[in-house]
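Notes follow once the structure below has been shown.
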Amino acid sequence: MSDDGRSRTLRLDPIAGPTIDPVVPEPDTRTLLGRAAECDVCLPHAGISRRHVAVFSRGGQWLVTDLGSRHGTFLNGMRLHPHKPAITGHGDLLRIGPFMFRVDSAAVTDRALATTDATVTPDTIVTAVSARELDSLAHRRLTLMIEGSAAIYQAVTEHELAQAVIKLIMSGTGFPRAALLRWGGSPEQVEIIAFHDRHHDTSEGFTFSRSLLQTSATGRVARLSRSAEQQCGQSIEGLGISAALCAPLVVDSAVVGAIYLDSRVGEVQPQPDAASFCHAVSQIASLALSSLKRIELAQRQERLDADLRIAQEAQSFLLPAPGGTVGRLRYASRTCPGSVVGGDLFDIFDIDDHTTGICFGDITGHGIGAAILMTAVLSHLRAILASCGDPATAVAQANAYLVQHSSERMFATLWVGVYDSVDNTLRYVDAGHGHWLIRPADAAPARPQSPGGMIIGVQPDLEYSVARLELRPGDRLVLYSDGLVEQLNTKNEAFGNARLRDVIAGSGSIEDDVAGVFTALEEFTGGSSFADDTTIASIEVQSGAALRVDD
């Protein structure tokens with residue numbers, strides 16, 4: 001009853017707790033839910049933290065991250081690790097304090113079926129089955145129950161589980177027709193997960209009594225019955241239903257669906273203890289479904305963790321050493337991967353005896369795809385700069401490559417420079433990056449005014465202009481990713497460029513630039529785990545002859 005989370009759109013339907021409208025996260029932004037008024041979705045309750053949870057989309061998957069909340073965030077009954085994203089998919093249950101949401105993916109809404117009650121004859125009664133009757137499961141059915149339960153717990157997918165439930169419930173109750181249903185946001189719309197009709201091969205035209213579903217939505221087994229003496233006439237749904245049962249499916253204290261059975265006029269009537277049998281099966285099915293959802297969540301998390309490890313290894317292999325000397329430039333850098341690995345890129349390398357290439361940027365997207373794309377872009381930039389030494393040509397060709405080879409919506413901001421130690425000039429192209437500063441040896445840090453170019457990967461055949469500035473010994477070039485200045489604190493405030501400039505202004509070396517910025521960032525956010533990739537590189541011009549790279 002859930003998928004792998006790959007859907008362009010998502011909706012969180014409230015199914016329990018205080019009244020609230022459905023939540024529809026924007027695909028390209030982080031949607032914050034919490035008690036604070038500045039959150040995207042305000043949940044005004046004492047059990048909700050100011051910034052409780054974030055929902056966002058990365059690489060076609062939707063993820064949920066608990067933001068260190070006091071009382072926790074629960075997905076399918078499992079408490080999420082703070083600041084560690086979890087993949088969520090259709091049918092999952094997200095609990096935030098007293099609020100319970102069902103995750104609804106637009107990709108599967110075409111399976112939703114409406115429920116209606118047509119004219120009901122006076123002898124048709126919908127009632128809640130008493131607890132005493134539900135406890136009267138006959139001993140002669142225990143063998144059937146045990147065997148059927150084994151099949152339910154052996155199911156490895158929700159569809160297999162649903163099929164096993166239907167087989168057991170029809171064998172034990174005598175009903176000729178059964179379905180396992182999931183709420184489509186409310187009991188007024190349902191999805192058929194599995195269905196069987198002894199007289200028909202398809203569920204087409206099969207509808208359900210809204211009254212039964214609404215009763216079972218309260219957590220009770222509902223029964224519809226009709227007296228045998230009454231002539232049929234117009235019955236529920238116009239189908240001549242003579243008896244029906246509906247038992248709730250409960251996961252993490254929330255009713256998420258139901259087992260529905262019915263029999264019609266002229267068909268074999270159910271067993272006398274059908275209600276108690278149905279109740280027992282629904283309890284078994286609820287426990288099995290809860291267990292299966294926990295297993296699915298653990299498997300998703302395992303796959304996500306494996307992807308993150310591979311992506312992080314790829315990044316660490318491609319990025320230069322944290323510090324060193326290349327030609328006349330000495331540098332210090334640090335990259336801290338975010339909760340979902342992205343595509344921050346930094347490289348510094350010799351072009352020839354007196355020129356040095358510098359590349360810095362951010363690939364959109366996260367995980368292995370972004371890491372691979374980062375590899376390709378860096379390889380192109382190195383090769384083109386080695387052949388022509390022109391940053392404008394390098395950026396233009398990297399743009400053409402990205403447009404041609406990347407998947408839809410993959411693009412990058414990019415800053416590419418070439419430093420010439422003969423005339424102390426830096427020629428550079430800023431393709432939509434914008435996050436960099438010059439720290440002169442005798443002045444405050446500032447960003448020179450220069451024409452900006454479009455980000456790469458969006459439009460083919462773009463041309464870029466080269467800007468030029470002078471870098472003297474002692475001057476520093478500081479490049480950083482947007483993830484650094486956009487990190488949020490507990491008050492939902494961004495770290496910002498002003499705080500970064502203050503740190504750089506008071507720093508005396510490239511090493512202090514890097515260490516000081518991260519110290520300030522950790523103090524600002526209250527921790528060392530960040531939502532997005534965070535990278536900074538500080539590069540200083542040295543006096544004297546050009547040097548070789550430190551390996």
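- Nearest heavy atom pair, residue Met100 against residue Ala254, reads CE-CB, 3.7 Å.
- Using a 4.5 Å cut-off on side-chain heavy atoms (C-beta onward), Arg11 and Thr9 make no contact.
- For the pair His279 (side chain) and Ala274 (backbone), a donor-acceptor distance under 3.5 Å is absent.
- The side-chain heavy atoms of His90 and Leu10, taken from C-beta on, include no pair separated by under 4.5 Å.
- With a 4.5 Å cut-off on side-chain heavy atoms, Leu168 and Met145 count as touching.
- The closest side-chain heavy-atom distance from His45 to His52 is not below 4.5 Å.
- The distance from atom CE of Met78 to atom CG of Leu93, rounded to the nearest 0.5 Å, is 13.5 Å.
- In terms of heavy atoms, Thr88 sits closest to Val103 at OG1-CG2, 3.4 Å.
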* Asked: When you look at Tyr401 and Ile456, which way does the side-chain contact (heavy atoms from CB on, under 4.5 Å) test go after all the steps?
  -> CA-CA 9 Å; Tyr401 175 85; Ile456 69 171; over 6 Å; no
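- A salt bridge is absent between Glu267 and Arg198; no separation between the charged side-chain nitrogens and carboxylate oxygens falls under 4.0 Å.
- Within the 4.5 Å cutoff, side-chain heavy atoms of Arg334 are placed close to those of Phe518.
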* **Step-by-step side-chain contact (heavy atoms from CB on, under 4.5 Å) determination, Arg30 to Glu486** => CA-CA 12 Å; Arg30 297 176 81 238; Glu486 293 176 1; over 6 Å; no
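- Annotation for Leu245 and Cys278: closest pair CD1-CB, 4.2 Å, computed over non-hydrogen atoms.
- Residues Leu297 and Leu75 come closest through the heavy atom pair CD2-O, 3.2 Å.
- For the pair Glu493 (side chain) and Asn489 (backbone), a donor-acceptor distance under 3.5 Å is absent.
- Annotation: salt bridge (charged side-chain N to carboxylate O under 4.0 Å, His left out) contacts involving residues 32-47, sequence neighbours excluded, comprise Glu38-Arg50.
- A donor-acceptor pair under 3.5 Å is absent between the side-chain atoms of Thr173 and the main chain of Pro270, judged by distance alone.
- Not one N or O on the side chain of Arg223 forms a donor-acceptor pair closer than 3.5 Å with the backbone of Ala275.
- Using a distance-only test at 3.5 Å, with no hydrogens or angles considered, a donor-acceptor pair links the side chain of Arg300 to the main chain of Ile87.
- Contact check for Leu80 versus Thr65: no side-chain heavy atoms found under the 4.5 Å cut-off.
- Remark: Asp252 CG to Asp92 CG distance equals 11.5 Å, nearest 0.5 Å.
- Under a 3.5 Å cut-off, the side chain of Lys293 and the backbone N or O of Gly77 do not form any donor-acceptor pair.
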* Asked: When you look at Leu213 and Cys246, which way does the side-chain contact (heavy atoms from CB on, under 4.5 Å) test go after all the steps?
  -> CA-CA 7 Å; Leu213 294 179; Cys246 190; 3.5 Å; yes
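- Ser282 contributes no side-chain N or O that, together with a main-chain N or O of Ala258, makes up a donor-acceptor pair within less than 3.5 Å.
- Contact annotation: the side chain of Phe56 approaches that of Pro85 to within less than 4.5 Å [non-hydrogen atoms, C-beta and beyond].
- In this structure the side chain of Asn76 never reaches within 4.5 angstrom of the side chain of Glu296, judged on heavy atoms.
- Considering Leu12, Leu33, Val55 in turn, Leu33 is the only one that fulfils the side chain to side chain contact (heavy atoms under 4.5 Å, CB included) rule with Val41.
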* Asked: For Asp66 and Ser69, what are the C-alpha separation, side-chain angles and deciding distance, and is it a side chain to side chain donor-acceptor pair (under 3.5 Å)?
  -> CA-CA 6 Å; Asp66 180 86; Ser69 64; 2.5 Å; yes
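- Remark: side-chain polar atoms of Ser171 are paired, donor with acceptor, to backbone N or O of Lys167 under 3.5 angstrom.
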